[in-house]
> 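Provided herewith is a single structure, encoded as structure tokens, for subsequent inquiry.
Quick caveat: nothing in here was measured; it's all calculated off a predicted structure.
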Amino acid sequence: MALRLPRPSFRIWLLLLLLALGGVLALLDQRSVREPGPVPRDEAGEPDYFLEGARLTRFDAEGRAHQRLVTPRLVHTPHDDVTRMQTPEARLIDSSGRTWFGHGEIGTLGAGGNPLTLSGDARLHAPEERWQLDTDILHFDADTGHAWSDTPALLRQPPQRMSGERFDAWIHDNRARLTDNVRGHHPPETHPDTDEDPEP
């Protein structure tokens with residue numbers, strides 16, 4: 001006489017299917033180790049290292065954080081000791097603890113980590129002073145706190161805007177200057193007339 005086993009129910013088949021699917025997903029997750037992108041090539045030579053998804057904090061001589069950089073890709077070439085970054089976001093911290101924001105399509109840190117150069121739609125934003133500078137190439141010397149641009153610059157502090165051929169800012173002193181062929185738009189301030197009685 002043959003022994004007959006009961007046929008598995010729909011719920012048991014579903015459970016077995018889910019367990020099998022979970023095992024396959026676990027295997028795939030273990031095997032999908034993120035491969036690094038291709039080693040970048042540059043006219044300066046082959047890099048000695050590159051980082052993806054990098055957050056870089058630089059400290060001054062007293063050990064205070066004075067520069068933070070976030071970039072999806074950072075490359076250092078030993079030949080010229082230059083660090084290159086894609087679409088970097090910079091936070092520049094002045095001696096009073098205020099944060100200034102910088103951005104560019106390309107960023108470079110010169111030999112020894114100074115100066116920082118942002119190029120391609122470069123921007124410097126001072127939120128506490130409510131002004132923003134747009135230019136093509138912006139340099140920043142972290143040792144002196146001097147930011148400058150030798151390319152035409154547009155400075156906006158709503159509702160005003162000014163343009164010039166050169167821009168300088170000293171973030172520790174909270175000073176900024178536009179020079180050479182400076183033009184501006186300063187709308188007149190509108191004040192409500194307080195001397196007149198309200199109409200009935």
> Using the rule given for side-chain contact (heavy atoms from CB on, under 4.5 Å), can you reason through Leu56 versus Gln67, listing the C-alpha separation, both sets of side-chain angles and the distance that settles it, and then say yes or no?
CA-CA 8 Å; Leu56 174 68; Gln67 195 176 82; over 6 Å; no
> Just by modelled atom types, is the Thr179 backbone N or O under 3.5 Å from a matching donor or acceptor in the Glu165 side chain?
no
> Assigning hydrophobic clusters by single linkage (Ile, Leu, Val, Met, Phe, Trp, Tyr; side-chain heavy-atom cutoff under 4.5 Å), is Val82 placed with Val75?
no
> With the 4.5 Å side-chain cut-off for hydrophobic clustering, are Tyr49 and Met85 part of the same group?
yes
> Drop me the distance from Ile137's CD1 to Thr151's OG1, to the nearest 0.5 angstrom.
5.5 Å
> Tell me, do Arg91 and Phe101 make a side-chain contact under 4.5 Å, heavy atoms counted?
yes
> With Arg58, which residues qualify under salt bridge (charged side-chain N to carboxylate O under 4.0 Å, His left out), at least two apart?
none
> So which of Ser163, Pro152, Ser149 actually passes side-chain contact (heavy atoms from CB on, under 4.5 Å) with Thr135?
Ser149
> Judged by atom type as modelled, is there a donor-acceptor pair below 3.5 Å linking the side chain of Thr71 to the main-chain atoms of Ala54?
no
> Less than 4.0 Å between a side-chain N and a carboxylate O, is that true for Arg175 and Asp168?
no
> Using a 4.5 Å cut-off on heavy atoms from C-beta on, say whether the side chain of Thr77 contacts that of Arg84.
yes
> Applying side chain to side chain contact (heavy atoms under 4.5 Å, CB included), can you list everything that pairs with Asp94, at least two apart in sequence or on another chain?
Ser96, Arg98, Trp100, Ile171, His172
> Please, which pairs that meet salt bridge (Lys or Arg N to Asp or Glu O under 4.0 Å) have at least one residue in residues 107-120, sequence neighbours excluded?
none
> State yes or no: do Leu124 and Met162 share one hydrophobic cluster built from I, L, V, M, F, W and Y residues joined by side-chain heavy-atom distances below 4.5 Å, directly or via other members?
yes
> Indicate, with yes or no, if Leu138 and Trp170 share a hydrophobic cluster defined by side-chain heavy-atom contacts under 4.5 Å among Ile, Leu, Val, Met, Phe, Trp and Tyr.
no
> Any heavy-atom pair between the side chains of His66 and Leu92 that's under 4.5 Å?
no
> Rounded to the nearest 0.5 Å, how far apart are CZ of Arg156 and CH2 of Trp131?
12.5 Å
> Any side-chain heavy atom of Phe59 within less than 4.5 Å of one from Arg64?
no
> With sequence neighbours left out, write down each residue that passes side chain to side chain contact (heavy atoms under 4.5 Å, CB included) with Arg130, or none if nothing qualifies.
none
> Report yes if some heavy atom in the side chain of Leu69 is under 4.5 Å from a heavy atom in the side chain of Leu109; otherwise report no.
yes
> Determine yes or no for a side-chain-to-main-chain donor-acceptor pair under 3.5 angstrom, with Thr108 supplying the side chain and Gly110 the backbone.
no
> Return the set of residues passing side-chain hydrogen bond (donor to acceptor under 3.5 Å, both in side chains) with Trp148 (not counting sequence neighbours), or none when no residue passes.
none
> Show the atom names and distances, to 0.1 Å, of all donor-acceptor pairs under 3.5 Å that link a side chain in residues 111-118 to residues at least two apart or in another chain.
unit_1	atom_1	unit_2	atom_2	d
Asn114	OD1	Ala142	N	3.0
Asn114	ND2	Asp141	OD1	2.9
Asn114	ND2	Asp143	OD2	3.2
Thr117	OG1	His139	ND1	3.1

> When you compare the side chain of His76 with that of Pro47, does any pair of heavy atoms fall below 4.5 Å?
no
> I'd like to know if the side chain of Asp121 pairs up with that of His103 as donor and acceptor (distance under 3.5 Å, no hydrogens or angles considered).
no
> Under 4.5 Å between any side-chain heavy atoms of Pro88 and Val70, yes or no?
no
